[in-house]
Amino acid sequence: MRMSKLFVQTLREFPNDAEAISHKLLVRAGYIKKLTSGIYSYLPLMQRVLAKISQIIREEMNAAGAQELLMPFVQPAEIWQKSGRWEVYGRELARFCDRHDNKMCLAPTHEEVITSVVSGTFTSYKQLPINLYQIQTKFRDEIRPRFGLLRGREFIMKDAYSFHTSQESLDEEYENMARAYKRIFERCGLETKMVQSDSGAIGGSVSHEFMVLTSTQTGENDVFYCENCDYSANSNHAVSILLNPQTNGADYGYDKEQKLDTPNVKTIEQLSEFLKVPSSCILKSVLYIADSKPVLVMIRGDKEVEETKLLNALGALEIRPATSDEAYDYLGCEVGYLSFLGVDENKVKIICDKSAQGMKNFVIGANEPHKHIVGYNFTKTPDFVDVSLVKEGELCPCCNKPLKVTRGIEVGNIFQLGTKYSKPMNATYTDENGEEKPFIMGCYGIGVTRTAAAAIERYHDDFGIIWPKEIAPYHVDVVPVNTEDSEQMGVALEIYNKLLNAGIEVVLDDRADRAGVKFKDSELIGFPYRITVGKTIKEGLVEFKCRKTGEVEKMTADEAIEKCKTLLLS
RNA sequence: CGGGACGUAGCGCAGCUUGGUAGCGCACCUCGCUUGGGACGAGGGGGUCGCAGGUUCAAAUCCUGUCGUCCCGACCA
């Protein structure tokens with residue numbers, strides 16, 4: 001491709017509305033163009049990157065025994081009503097009516113469709129297991145799309161679904177997919193960590209996420225992991241062994257239950273300082289509204305509530321912290337002094353986090369303004385539930401070593417669905433004994449567009465993108481410094497043609513611009529290798545530069561061609 | 001959903017306070033010159049100032065409404 005013909009416009013400045021580095025670079029380097037919030041055109045450079053990622057996925061999925069198909073993007077409400085998700089999915093599901101007033105939606109995922117595809121088609125145990133996948137656009141009307149391709153509303157996803165007659169068979173395929181995913185991301189030049197996770201709206205029991213670990217804040221997930229063993233989990237699922245699991249207020253002089261005045265002492269921090277006790281001796285009370293009903297969460301003062309865990313513990317659909325006004329309405333006390341004391345459990349559900357299990361003689365809000373109670377003990381043992389967020393340094397549940405935390409971008413996930421969809425949708429096969437049974441299912445997703453963005457988050461510098469060569473839009477950028485110079489241009493053309501003939505993806509920057517412009521663009525766009533044909537051609541030499549290392553070598557044109565072949569075709 | 005900010009040329013912005021011919025930089029087109037790190041000179045094209053009302057002789061500017069975009073928060077008591 002000649003640069004003069006390539007559909008690309010690089011910008012001198014970063015766009016104003018981008019926050020994430022991948023978003024800024026994708027726009028500035030001419031890969032994407034926004035149409036509206038969370039919805040982008042993938043320009044030719046981007047399309048090449050996406051095609052490469054897709055191709056790697058395709059090859060590895062096929063090698064793992066899966067078959068590609070393509071399902072409809074527009075779906076009738078009927079199948080969603082059947083699975084029970086029409087009501088549950090919420091506003092992320094973009095719904096509309098067709099001309100006959102039939103309820104429809106845009107596909108955010110395809111469990112319902114694949115189930116109806118397989119159901120009635122593969123009806124014998126002899127035909128199972130099977131794994132089907134597609135690479136397709138999805139639409140999720142996110143509350144807050146941001147970070148460009150990292151959280152768009154419209155995005156490209158590879159989604160695979162497997163059907164089994166037994167849990168053992170599903171387990172096997174789950175492992176098979178985990179291995180395939182590892183290979184896929186490795187081939188994309190990305191290191192990933194497979195972590196335990198919550199299964200969220202998709203449902204099911206066992207699930208793992210593949211995370212690209214980043215130091216940037218753009219990773220929207222916290223991942224807790226152990227350096228000593230294999231344990232790692234998304235913060236929404238991670239568990240730990242508490243530090244100081246047993247705390248006793250008596251160690252700080254509060255061995256008798258007593259109501260104390262604590263004027264204007266509202267936060268745990270202030271209370272801890274005021275009473276001279278560590279926050280781990282305080283039981284704090286946090287009010288949530290779950291599906292419009294109040295839930296009071298009791299949790300150790302040094303811990304925080306993990307909302308996804310709470311959501312799951314309650315079996316609720318939606319959850320949010322209550323406002324101060326709501327707290328007053330439900331508990332009859334201003335925030336800062338709340339507790340479950342005197343609260344009618346028929347009106348306000350009370351949940352007690354596991355972190356409170358080992359607490360004795362603790363401090364608790366009096367549920368009266370400006371008063372707390374010290375030396376308190378549970379009068380009856382509550383049911384302790386884990387709804388707390390792990391903290392870095394707490395101990396690994398597997399091997400007791402301190403856990404670490406890092407940010408991560410979720411690029412893929414694998415779920416065991418079991419019969420969550422096959423049962424309600426009545427999707428069955430006939431087993432050896434002639435009995436009808438629901439399929440046991442698994443599903444496996446990879447965000448294609450997000451993987452590309454994650455690669456940029458991981459690999460960039462002040463000059464631009466540094467693509468792993470496996471997913472770069474082109475491999476080599478040949479730059480004649482002066483296109484007017486027939487010798488330079490001649491050699492550049494010769495290199496260009498030879499690389500083309502060798503099957504290498506190459507761009508010839510034949511634009512009449514000055515060298516600086518071409519170098520800047522080359523680095524911004526992120527070509528892995530650059531061959532500069534400039535004044536050293538007088539000595540028969542060109543320059544070979546590696547984008548990743550910045551290393552520059554002088555060599556003959558033929559040597560440069562050979563080097564490209566060695567680096568790219570082996 | 002709540003809070004804040006912003007909508008003026010493809011991109012980045014000024015102009016608005018105090019109403020009076022729509023501007024700058026980049027990009028784009030032409031010519032010249034230049035060619036190893038985002039050159040320079042001259043000329044040129046492109047905008048119903050988000051949209052709809054209102055006030056006024058006159059609105060990018062003032063008022064009202066509306067739509068859109070971005071950020072922050074979903075406050076752990």
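Here is the naming used below: chain letters follow the sequence lines, and residue numbers restart at 1 for every chain.
Relative to the six-membered ring of A:F155, A:R450 misses at least one condition, a distance below 6.0 Å or an angle of at most 45° to the axis.
For B:G7, the paired nucleotide is B:C67, the pair qualifying as Watson-Crick or G-U wobble because both relevant distances are below 3.5 Å. For B:U61, there is no paired nucleotide, since no Watson-Crick or G-U wobble pair has both relevant distances below 3.5 Å. Across the strands present, B:A74 finds no partner; the criterion is a Watson-Crick or G-U wobble pair with both atom distances under 3.5 angstrom. Base pairing analysis places B:C24 opposite B:G12; the two distances defining the Watson-Crick or G-U wobble pair are each below 3.5 Å.
Taking atom CG on A:D302 and atom C1' on B:A77, their separation rounds to 16 Å, with Å as the unit. Atom CZ in A:R153 sits roughly 11 Å away from atom C1' in B:G68 (whole-Å rounding). Straight-line distance from the CG atom of A:L296 to the P atom of B:A77: 12 Å, rounded to whole Å. Summarising the geometry, the separation between CZ on A:F14 and C1' on B:A27 is reported as 17 Å, rounded to the nearest angstrom. For the pair A:I364 CD1 and B:A77 P, the computed distance is 13 Å after rounding to whole Å. We find that CG of A:D485 is positioned 14 Å from C1' of B:U34, with the value rounded to whole Å. Between the P atom of B:G10 and the CD atom of A:Q9 lies a distance of 13 Å, rounded to the nearest Å. The CZ atom of A:R300 sits 15 Å away from the C1' atom of B:C76 (whole-angstrom rounding).
Between A:L150 and A:A453, the shortest heavy-atom distance links the atoms CD2-CB, 3.7 Å.
In terms of position on RNA chain B, the residue among A:E334 and A:G38 whose nearest nucleotide sits closer to the 5' end is A:G38. Checking A:K303 against A:A18, the closest nucleotide of RNA chain B that is more toward the 5' end is the one next to A:A18.
Distance check on atom P: B:U18 versus B:C26 gives 34 Å, rounded to whole Å. Rounded to a whole angstrom, the distance from the C1' atom of B:C6 to that of B:G15 is 16 Å. Distance check on atom C1': B:A5 versus B:A9 gives 23 Å, rounded to whole Å. Distance noted for atom C1' between B:U48 and B:G7: 16 Å (whole Å). With P as the reference atom, B:A59 and B:G20 are 11 Å apart, rounded to whole Å. With both ends at atom C1', the span from B:G3 to B:C13 equals 26 Å, rounded to whole Å. Comparing B:A14 with B:A74, their P atoms sit 30 Å apart, to the nearest whole Å. Separating the P atom of B:G68 from that of B:C29 is a span of 36 Å, rounded to the nearest Å.
Under 4.0 angstrom from either OP1 or OP2 of B:C11 there lies no side-chain N or O belonging to A:K33. Between A:T36 and B:U69 there is a side-chain N or O to OP1 or OP2 distance below 4.0 Å. Proximity of A:S37 to the phosphate of B:C70: a side-chain N or O atom is located under 4.0 Å from OP1 or OP2. Considering only side-chain N and O atoms, A:N16 lies under 4.0 angstrom from the phosphate OP1 or OP2 of B:C13.
Contact annotation for A:E307: base contact, defined as any heavy-atom pair under 4.0 Å involving a base atom. Contacts of A:L287 with the nucleic acid, taken as non-hydrogen atoms under 4.0 Å apart, include base atoms. Within 4.0 Å of A:Y288, counting heavy atoms only, lies at least one base atom of the nucleic acid.
Taking the six-membered ring for Trp and thresholds of 30 and 60 degrees, A:Y337 and A:H370 have ring planes inclined between 30 and 60 degrees apart.
Here A:D386 does not pair with A:K303 in a salt bridge; the nearest charged N to carboxylate O distance is not below 4.0 Å. Classification of A:E154 and A:K138 as a salt-bridged pair fails, no side-chain N sitting under 4.0 Å from a carboxylate O.
With sequence neighbours excluded, the residues satisfying side-chain hydrogen bond (donor to acceptor under 3.5 Å, both in side chains) with A:T532 are A:R530.
In this structure, the side chains of A:L271 and A:K266 stay at 4.5 Å or more apart for every pair of heavy atoms.
At distances below 3.5 Å, not a single donor-acceptor pair connects side-chain atoms of A:R300 with backbone N or O atoms of A:A356.
Of the candidates B:C71, B:G12, B:A77, B:A77 carries the atom nearest the A:T267 side chain, counting heavy atoms from C-beta on.
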Seminar exercise, completed: Reading nucleotides 35-41 of chain B from 5' to 3' and marking B where a protein heavy atom lies under 4.0 Å of the base, S where only the sugar-phosphate is that close, and - otherwise, the string is BBBBB--
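None of A:Y40, A:F7, A:W467, A:Y42 except one satisfies the ring-ring contact (aromatic ring centres under 6.0 Å, His included) rule with A:Y31; the exception is A:W467.
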